[in-house]
Amino acid sequence: MKIASYNINGIRARMPRLVEYLEEQKPDVLCLQELKCADDNLPIGEIQAAGYDGIWHGQKGFNGVAILTPGGAPTLRCIGLPGDPDDTHSRYIEAEVNGVIVASIYLPNGNPVGTEKFAYKLAWMDRLRAHASELLAEERPVVLAGDWNVIPTDDPDDVFSARAMASDALAQPESRQAFRRILNLGYTDAIRARHSEGVMYTFWDMKTNGWERDAGFRIDHLLLSPQAADRLFDAGVDKDYRGRERPSDHTPAWVILDD
DNA sequence: ATGTCAATACAATATTGA
């Protein structure tokens with residue numbers, strides 16, 4: 001069972017990349033982030049024409065998450081992260097697919113540090129930790145997949161330049177601690193479980209010509225509950241989609257679980 | 001290294017968010 005996560009950065013603008021990914025990689029589950037699209041404007045017909053269906057939580061202009069599966073939509077478990085009824089951002093959707101609980105997460109970016117945006121990021125991560133803890137109590141396979149907007153370490157295998165990112169919300173000690181606190185509940189970072197060393201970037205900035213310089217970092221993660229980690233067969237990053245025509249600034253990351 | 005890109009409001013360019 002291949003479960004992939006792809007920050008698509010505008011689903012309507014990226015439909016060629018999305019359809020190509022579905023047809024070439026044939027994921028059993030694809031978690032999408034940054035749809036930048038209202039619910040009614042999602043091009044579900046083209047997705048269905050590619051043999052997939054889905055559930056989604058869109059938003060006009062920015063944010064938006066979805067979970068796609070072949071041969072019919074997955075079973076929806078929840079839309080929106082519990083814990084703050086006033087949160088209007090579409091950043092969380094959760095489904096069940098073949099006995100596996102799968103979440104598509106678009107964690108707040110949090111820049112610039114020191115503003116309400118950074119506070120929102122940390123508060124959102126607190127809520128995510130609380131929910132992740134409740135999911136663990138179910139003692140079932142859980143995959144928390146998405147754009148976590150956290151560079152886990154200063155290791156060159158995680159970030160092209162720790163110095164360049166030192167004042168960025170993605171690399172702050174508070175962001176990293178909040179990420180570790182979720183891991184420390186008992187989740188496994190699937191990419192590093194399978195590749196303890198090696199460059200595994202998932203994002204290259206468009207502003208700074210990051211792709212051409214290989215100035216990337218690792219912010220798309222799939223966290224596995226113990227029951228999912230028991231079944232971890234492989235994990236990786238489909239790097240070449242970042243180099244294609246009109247790409248997203250992210251590239252997909254994935255896990256394969258034993259059936 | 002202050003650059004690119006998508007979406008929106010608006011109606012050719014500016015703003016927002018990343």
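The figures that follow rest on heavy atoms only: side chains count, while hydrogens, waters and symmetry mates do not. Sequence lines set the chain letters: A, B, ... in the order given, protein chains first and strands last, and positions in each chain run from 1.
- Here B:dT8 presents its P atom at 11 Å from CD of A:Gln59, a figure rounded to the nearest Å.
- Nearer to the 5' terminus of DNA chain B, by closest-nucleotide assignment, is the contact made by A:Cys37 (compared with the other of A:Asn149 and A:Cys37).
- Contact annotation: A:Arg163 does not reach the phosphate of B:dA1 (side-chain N/O to OP1 or OP2, under 4.0 Å).
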Inset, instruction - State the dot-bracket string of DNA chain B. Criteria: Watson-Crick or G-U wobble, both atom distances under 3.5 angstrom; notation: ( ) intrastrand, [ ] crossing earlier pairs, | interstrand, . unpaired. - result: ...((((((...))))))
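- Rounded to a whole angstrom, the distance from the P atom of B:dA1 to that of B:dT16 is 27 Å.
- For the residue pair A:Asp53 and A:Gly72, the shortest heavy atom distance occurs at CB-C, 3.7 Å.
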Legend entry - A:Trp56 vs A:Ile79, side chain to side chain contact (heavy atoms under 4.5 Å, CB included): CA-CA, chis, key distance, verdict: CA-CA 8 Å; A:Trp56 60 93; A:Ile79 282 181; over 6 Å; no
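- Rounded to the nearest 0.5 angstrom, A:Met165 CE and A:Leu170 CG are separated by 5.5 Å.
- Residue A:His89 contributes atom NE2, which lies 13 Å from atom C1' of B:dA18 at whole-angstrom precision.
- The only option from A:Lys26, A:Arg244, A:Arg14 that meets the salt bridge (charged side-chain N to carboxylate O under 4.0 Å, His left out) definition with A:Glu20 turns out to be A:Arg244.
- Of the N and O atoms on the side chains of A:Ser248 and A:Asn9, not one donor lies less than 3.5 Å from an acceptor on the other residue.
- Distance A:Phe62 CZ to B:dA9 C1': 15 Å, rounded to the nearest Å.
- Between A:Ile8 atom CD1 and B:dA7 atom C1' the separation is 15 Å, expressed in whole Å.
- No engagement by A:Phe203 is indicated, since no non-hydrogen atom pair under 4.0 Å with the nucleic acid exists.
- Not counting sequence neighbours, the partners of A:Asp214 by the side-chain contact (heavy atoms from CB on, under 4.5 Å) test are A:Tyr201, A:Trp204, A:Lys239.
- Expressed to the nearest 0.5 Å, how far CG of A:Asn111 lies from CG of A:Asn109 amounts to 4.5 Å.
- Taking Ile, Leu, Val, Met, Phe, Trp and Tyr as members and joining any whose side-chain heavy atoms lie under 4.5 Å apart, directly or through other members, the hydrophobic cluster of A:Leu122 also contains A:Val113, A:Phe118.
- Summarising the geometry, the separation between CG on A:Asp147 and P on B:dG17 is reported as 17 Å, rounded to the nearest angstrom.
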Can you pull every protein N or O that's under 3.5 Å from an N or O on nucleotides 2-6 of chain B?
{"unit_1": "B:dT4", "atom_1": "O4'", "unit_2": "A:Met206", "atom_2": "O", "d": "3.2"}
{"unit_1": "B:dA6", "atom_1": "OP1", "unit_2": "A:Arg14", "atom_2": "NH1", "d": "3.1"}
{"unit_1": "B:dA6", "atom_1": "OP1", "unit_2": "A:Arg246", "atom_2": "NH2", "d": "3.1"}

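- Residue contacts shown for A:Arg91 are limited to sugar-phosphate atoms, with no base heavy atom under 4.0 Å away.
- Here A:Asp258 pairs with A:Arg231, A:Phe233 under the side-chain contact (heavy atoms from CB on, under 4.5 Å) rule; sequence neighbours left out.
- For the pair A:Asp249 CG and B:dG17 P, the computed distance is 17 Å after rounding to whole Å.
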Protein-nucleotides 13-16 of chain B N/O pairs closer than 3.5 Å?
none

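- With both ends at atom C1', the span from B:dA7 to B:dA11 equals 16 Å, rounded to whole Å.
- Rounding to whole angstrom units, CD of residue A:Glu34 and P of B:dA18 are separated by 7 Å.
- A:Arg176 forms no cation-pi arrangement with A:Phe179, by the criterion of a distance under 6.0 Å to the ring centre and an angle within 45° of the ring axis.
- We find that CH2 of A:Trp148 is positioned 18 Å from P of B:dA18, with the value rounded to whole Å.
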